[in-house]
Each structure stands twice: as structure tokens, then as C-alpha cells.
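Report on one structure; see the data block that follows.
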Amino acid sequence: MAEQNCLVTNDWICGEYLRTRSQELIDATLEHVGITVVSVAIGVAVALPLALLARRFRFLAGPILGVTTVLYSVPSLAMFSLLLPFFGLSVSLVVTGLVLYSLTVLVRNILAGLQAVPEEARDAAKGMGYGPLRLLWEVELPLALPALLAGVRITTVSTVALTTVGAIVDYGGLGTLILDGLDTTFKAQVLTASVLCVLLAVVADLLLLGLQRWLTPWTRARRTRTSRASRKAAVTKVAEPA
């Protein structure tokens with residue numbers, strides 16, 4: 001009986017809300033995931049050439065990193081307001097803002113990964129006749145993949161959170177439900193949408209972590225060797241006579 005009346009009593013936890021509004025929750029979650037995936041994908045597509053420019057022309061590194069940092073420092077409401085004349089009240093407004101926010105992390109991580117590629121690996125590839133494009137796609141990017149994917153993980157989690165701000169233009173996924181719930185003091189809606197948003201961020205991070213480990217098996221092998229060497233050194237030190 002209490003469960004049936006939880007909508008009337010406006011409880012924070014309400015099974016009846018989940019039952020009667022399940023489709024609304026599913027639609028909002030799918031919209032949230034869609035906006036996040038599109039924003040991160042476009043962010044990577046834009047960040048990669050920017051990082052390559054910064055790596056190729058060092059005098060551009062400062063301006064590129066500086067501009068992306070400034071963009072990240074702009075408050076989300078101000079960012080969407082500045083983009084409003086160009087995109088109107090549309091999902092493109094939200095996606096563009098999220099892409100701009102993603103650049104500071106993605107550009108820095110991709111650039112750091114490319115700069116960390118051993119010079120001997122580049123020299124060996126060039127000695128085998130690799131041209132610039134083949135060198136990039138078959139040597140540099142694979143070796144920079146751990147840093148790139150780490151940036152994608154951070155960006156994805158932050159984008160899941162920032163997507164909720166899109167509720168101000170009615171394209172915020174779960175954020176729209178949160179905002180509507182706050183406006184109407186609908187406790188069950190606020191709590192449920194908030195919990196789903198947190199779960200999305202956690203699941204996305206775990207999935208990307210699994211993808212990172214699958215695509216970069218050599219990093220696990222390197223950590224295993226390092227751990228074994230550390231244990232061996234510790235045992236040797238303990239076994240040494242005083």
C-alpha cells in the first residue's frame with residue numbers, strides 16, 4: 001500500500017515511479033548516452049589534428065593548449081549562451097559546447113602520448129621505409145594509445161556530467177528530468193535521474209577501462225615485469241646480511 005501511495009506522498013524512493021515512468025527514463029537515458037557518444041567522438045576527431053599540429057609545429061603548441069584551456073574555463077551556462085545565436089535551441093548547441101569542453105583534456109593527452117613515443121621506434125620505422133602517414137597510423141598512434149584512451153575516459157565521464165546542463169535548452173537527457181523534478185519538487189524523479197546519471201558515468205568508465213586494457217596488452221605486461229622486478233629487489237635486500 002505504501003508503495004502505491006509513494007507518488008502521492010512524494011517519497012524520494014518510489015517503486016511506482018519506476019513502474020509508471022519507465023519509458024520516460026529509458027528515453028532520457030538513451031538521449032543522454034547519444035549526446036555523450038557523439039560529443040566525445042567529434043572531440044577526438046577535432047583534438048587529433050590539433051595535437052598533430054602542436055607536435056609538428058612547436059610554436060603552435062602554446063596557442064593551441066592555451067585556447068583549449070580558456071574554453072574549458074568558460075562556465076557552461078555562459079558557453080551555451082555564446083553559442084545560442086549560431087545553433088539556436090537545438091541539440092547541436094549542446095553537442096558543440098561539450099566538444100569544446102573536451103578539447104583541453106583530449107589535445108593534451110594525445111600530444112603527451114605522441115611525444116612519449118620512443119625516438120628509436122620512429123627511426124626503425126623510417127629505416128623500414130615507412131612514410132609519414134604510415135608511421136603515424138602504424139607506429140605512433142598505437143604507442144600513444146594508452147594516453148589517448150586515458151584522455152577519452154576522463155572526457156567521457158566529465159561529458160556525462162556536463163550533458164545534464166543541456167536541460168536548459170531541453171536537450172539534457174537525464175538532466176532534463178532532474179531540472180523538471182527540481183522545478184516541481186518531484187523527489188523520486190530527481191533522485192532516480194541523478195542515480196542513473198552517476199551509473200552512466202561509472203559504467204562508461206569501466207567499459208573504456210576494459211577497452212583500454214584490451215587494446216594495450218603490452219602495458220599490462222610492462223607493469224607485471226616492473227612488479228616482479230620490485231618484489232625481487234625487495235627480497236634480495238631483505239636477504240642481504242646486515
*Can Val165 and Leu77 be said to form a side-chain contact (heavy atoms from CB on, under 4.5 Å), step by step?*
CA-CA 8 Å; Val165 184; Leu77 290 178; 4.2 Å; yes

_Neighbour count >12 (heavy atoms, 6.0 Å) for atom CZ, Phe87_ = yes

*asked:* Closer than 3.5 angstrom, by distance alone: can the side chain of Glu140 be matched with the main-chain N or O of Leu114 as a donor-acceptor pair?
replied: no

*Spell out, as yes or no, whether a donor-acceptor pair under 3.5 Å connects the side chain of Tyr171 to the backbone of Ile35.*
no

*Are Leu50 and Leu133 connected, step by step, through hydrophobic side chains (Ile, Leu, Val, Met, Phe, Trp, Tyr) whose heavy atoms are closer than 4.5 Å?*
no

*Side-chain heavy atoms of Leu100 within contact of Val74, under 4.5 Å*: no

*Consider only side-chain heavy atoms of I, L, V, M, F, W and Y, link residues closer than 4.5 Å, and tell whether Val157 and Val37 are in one cluster.*
no

_Testing the basics here: between Ala45 and Pro49, what is the closest heavy-atom pair and its distance to 0.1 Å?_
O-CD, 3.0 Å

*Locate the shortest heavy-atom distance separating Lys126 from Leu135; write the atom from each residue and the value.*
CE-CD2, 3.9 Å

*CD of Gln212 to CG of Leu145: how many Å apart, nearest 0.5 Å?*
7.5 Å

_Would a single hydrophobic cluster contain both Leu84 and Ile168, if residues Ile, Leu, Val, Met, Phe, Trp and Tyr are joined by side-chain heavy-atom contacts under 4.5 Å?_
yes

*Heavy-atom side-chain proximity of Tyr101 to Ser39 below 4.5 angstrom*: no

*May I ask you to check whether over 12 heavy atoms, not counting those of Ile26, lie within 6.0 Å of atom CD1?*
yes

*asked:* Using modelled atom types and a 3.5 Å cut-off, is there a donor and acceptor pairing between side-chain atoms of Thr96 and backbone atoms of Leu93?
replied: no

*Say you draw a straight line from CG of Leu191 to CD1 of Ile178; how long is it, rounded to the nearest 0.5 Å?*
10.0 Å

*Linking I/L/V/M/F/W/Y whenever any side-chain heavy atoms sit under 4.5 Å apart, do Leu179 and Leu25 land together?*
no

*Tell me, with the steps shown, if Glu31 and Asp27 meet side-chain contact (heavy atoms from CB on, under 4.5 Å).*
CA-CA 6 Å; Glu31 181 182 83; Asp27 292 342; over 6 Å; no

*For residues Ser73 and Val70, report the shortest heavy-atom separation together with the two atoms involved.*
OG-O, 2.6 Å

*Find out if a path of hydrophobic residues (ILVMFWY) with successive side-chain heavy-atom gaps under 4.5 Å connects Phe186 to Leu177.*
yes

_Gap between atom CG of Leu60 and atom CZ of Arg58 - 0.5 Å precision_ = 12.5 Å

*Determine the minimum heavy-atom distance between Leu143 and Ala121, stating which atoms define it.*
CD1-CB, 4.1 Å

*With rounding to the nearest 0.5 Å, note down the distance linking OG1 in Thr104 to CG in Leu71.*
8.5 Å

*Is any side-chain heavy atom of Arg213 less than 4.5 Å from a side-chain heavy atom of Leu209?*
yes

*Which pair of heavy atoms, one from Ala204 and one from Thr156, lies closest together, and at what distance?*
CB-CG2, 3.9 Å

*Are any side-chain N or O atoms of His32 and backbone N or O atoms of Thr164, one a donor and one an acceptor, separated by less than 3.5 Å?*
no

*asked:* If you define the side chain from C-beta out and look only at heavy atoms, does anything of Leu89 sit under 4.5 Å from Asp170?
replied: no

*asked:* With a 3.5 Å distance limit and no angle check, can you tell me whether Asn109 reaches the backbone of Leu148 through a side-chain donor-acceptor pair?
replied: no

_CA sep, side-chain torsions, deciding dist, call: Thr69, Arg108, side-chain hydrogen bond (donor to acceptor under 3.5 Å, both in side chains)_ = CA-CA 10 Å; Thr69 300; Arg108 288 177 183 276; 2.8 Å; yes

*Only one of Val99, Leu208, Leu98, Val152 passes side-chain contact (heavy atoms from CB on, under 4.5 Å) with Val40; say which it is.*
Val152

*Side chains of Leu111 and Gln115: does their closest heavy-atom pair fall under 4.5 Å?*
yes

*How many angstroms lie between CG in Leu162 and CE in Met79, if you round to the nearest 0.5 Å?*
10.0 Å

*Do you know which two heavy atoms are closest between Ala188 and Thr192, and how far apart they sit?*
O-OG1, 2.7 Å

_Nearest 0.5 angstrom please: Ile64 CD1 to Phe57 CZ, how far?_
10.0 Å

*Using a 4.5 Å cut-off on heavy atoms from C-beta on, say whether the side chain of Ser102 contacts that of Ile42.*
no

*Carefully, step by step, assess Val91 and Val38 under the rule side-chain contact (heavy atoms from CB on, under 4.5 Å).*
CA-CA 11 Å; Val91 68; Val38 170; over 6 Å; no

